[in-house]
Amino acid sequence: MSHYQHILIAADFSNHSQLVCDKARQIAERNNAKLSICHIVEDFPITDFAYEPMISVDIDMRDALLESATKQTLALAASLNIAADNQWVQFGSPNHDIVRIGQENDVDLIVVGSHGRHGIQLLLGSTANGVLHHAKCDVLAVRLHDN
Ligand code: AMP
């Protein structure tokens with residue numbers, strides 16, 4: 001069995017996040033691996049050139065989103081003893097940026113939940129699916145159930 005050295009948790013702060021974190025921590029302990037955590041604040045387009053701007057996302061709103069995400073990441077990281085250097089909260093696209101952060105930091109296992117805030121309608125949530133398809137390292141999708 002492979003011996004993981006650096007495990008990255010992709011956290012979305014849904015109700016199931018703790019389960020994903022617990023699973024990642026157990027694997028990190030068994031492998032004596034470094035544990036990191038990331039959250040991507042989805043960067044949605046402010047305007048569509050074909051239409052009038054519908055939503056105005058100003059700097060204050062971006063700051064508020066980032067601040068809230070950072071607070072939640074800090075709390076999860078504290079409960080997992082993850083150092084500040086191993087926490088990333090960034091704007092972007094979850095599919096793309098979770099994989100990028102993994103690659104840039106020599107992560108050899110990314111842990112995601114099978115589902116997130118968008119519910120259990122699909123066999124595999126879209127982020128879990130995207131990470132699974134694009135990551136060059138192993139990906140563990142922790143099976144999450146409604147209850
Ligand atoms: P979803 O595809 O939204 O059902 O989410 C599946 C899993 O992907 C979640 O359980 C998280 O582990 C991860 N995930 C989803 N969105 C994000 C995000 N914005 N930042 C980090 N991880 C995420």
Side-chain angles (χ1 to χ4, degrees), residues 1-2 4-31 33-48 54-147:
M1 192 180 150
S2 49
Y4 295 115
Q5 297 189 330
H6 190 183
I7 298 172
L8 176 66
I9 300 170
D12 68 349
F13 316 132
S14 62
N15 296 338
H16 296 298
S17 279
Q18 196 58 54
L19 212 67
V20 176
C21 290
D22 288 346
K23 198 50 105 42
R25 182 179 45 198
Q26 286 162 17
I27 299 170
E29 281 171 3
R30 279 206 299 273
N31 286 265
K34 182 161 78 174
L35 195 55
S36 294
I37 190 165
C38 73
H39 175 78
I40 308 301
V41 181
E42 279 181 74
D43 214 357
F44 44 91
I46 301 169
T47 52
D48 182 320
M54 289 185 293
I55 317 166
S56 161
V57 182
D58 57 20
I59 305 270
D60 287 349
M61 187 166 169
R62 284 175 66 102
D63 287 351
L65 286 170
L66 205 57
E67 195 184 319
S68 162
T70 302
K71 249 189 221 158
Q72 297 190 72
T73 303
L74 275 171
L76 274 180
S79 72
L80 295 161
N81 280 326
I82 296 177
D85 282 355
N86 297 328
Q87 303 171 26
W88 295 279
V89 180
Q90 298 178 358
F91 274 102
S93 135
N95 286 352
H96 174 263
D97 290 301
I98 293 167
V99 170
R100 178 186 53 75
I101 289 169
Q103 268 171 6
E104 286 175 1
N105 294 282
D106 295 325
V107 162
D108 49 10
L109 177 68
I110 299 174
V111 182
V112 295
S114 57
H115 301 88
R117 288 177 295 183
H118 303 109
I120 312 253
Q121 299 93 329
L122 300 167
L123 187 60
L124 205 59
S126 60
T127 307
N129 203 21
V131 171
L132 206 55
H133 274 94
H134 295 109
K136 297 207 168 44
C137 65
D138 288 359
V139 177
L140 172 67
V142 178
R143 169 63 63 202
L144 302 174
H145 302 278
D146 246 337
N147 282 306

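Both ligands and their constituent atoms are indexed starting at 1 by order of listing. Predicted model only: the values in this text are computed from it and were never measured.
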Check this for me - ligand 1, Ile40, N or O atoms closer than 3.5 angstrom, yes or no? yes
For side chain to side chain contact (heavy atoms under 4.5 Å, CB included), just list the numbers for Ile101 and Leu8, CA-CA rounded to whole Å, side-chain angles, deciding distance to a tenth of an Å, and then say yes or no. CA-CA 9 Å; Ile101 289 169; Leu8 176 66; 4.3 Å; yes
Does any N or O atom in Ser14 lie less than 3.5 angstrom from one in ligand 1, N or O only? no
Atoms of ligand 1 under 4.0 Å from any heavy atom of Val112, numbered from 1 in the order shown, are 12 (O)
For the residue pair Asp138 and Tyr4, establish whether any side-chain heavy-atom pair is separated by less than 4.5 Å. yes
In terms of side-chain heavy atoms, does Asp22 have a donor or acceptor partner in Gln26 at a distance below 3.5 Å? no
For Ser126, the ligand 1 atoms whose distance to one of its heavy atoms is below 4.0 Å: 2 (O)
Between His6 (side chain only) and Ala33 (backbone N and O only), is there a donor and an acceptor less than 3.5 Å apart? no
So for atom CD, which belongs to Glu67, do other residues, nucleotides or ligands contribute more than 12 heavy atoms lying within a distance under 6.0 Å? no
With the threshold set at under 4.0 angstrom, would you say Ile98 reaches ligand 1 through any of its heavy atoms? yes
In terms of atom number and element, which parts of ligand 1 are under 4.0 angstrom from non-hydrogen atoms of His115? 4 (O), 5 (O), 6 (C), 9 (C), 10 (O)
For Ala11, the atoms of ligand 1 under 4.0 Å from one of its heavy atoms are 20 (N), 21 (C), 22 (N)
If every non-hydrogen atom of Ser126 is compared with every non-hydrogen atom of Asn95, which pair is closest and at what distance? O-OD1, 3.5 Å
Closest to atom 7 (C) of ligand 1 (judged by heavy-atom distance), picking from Gly113, Ala141, Gly130: Gly113
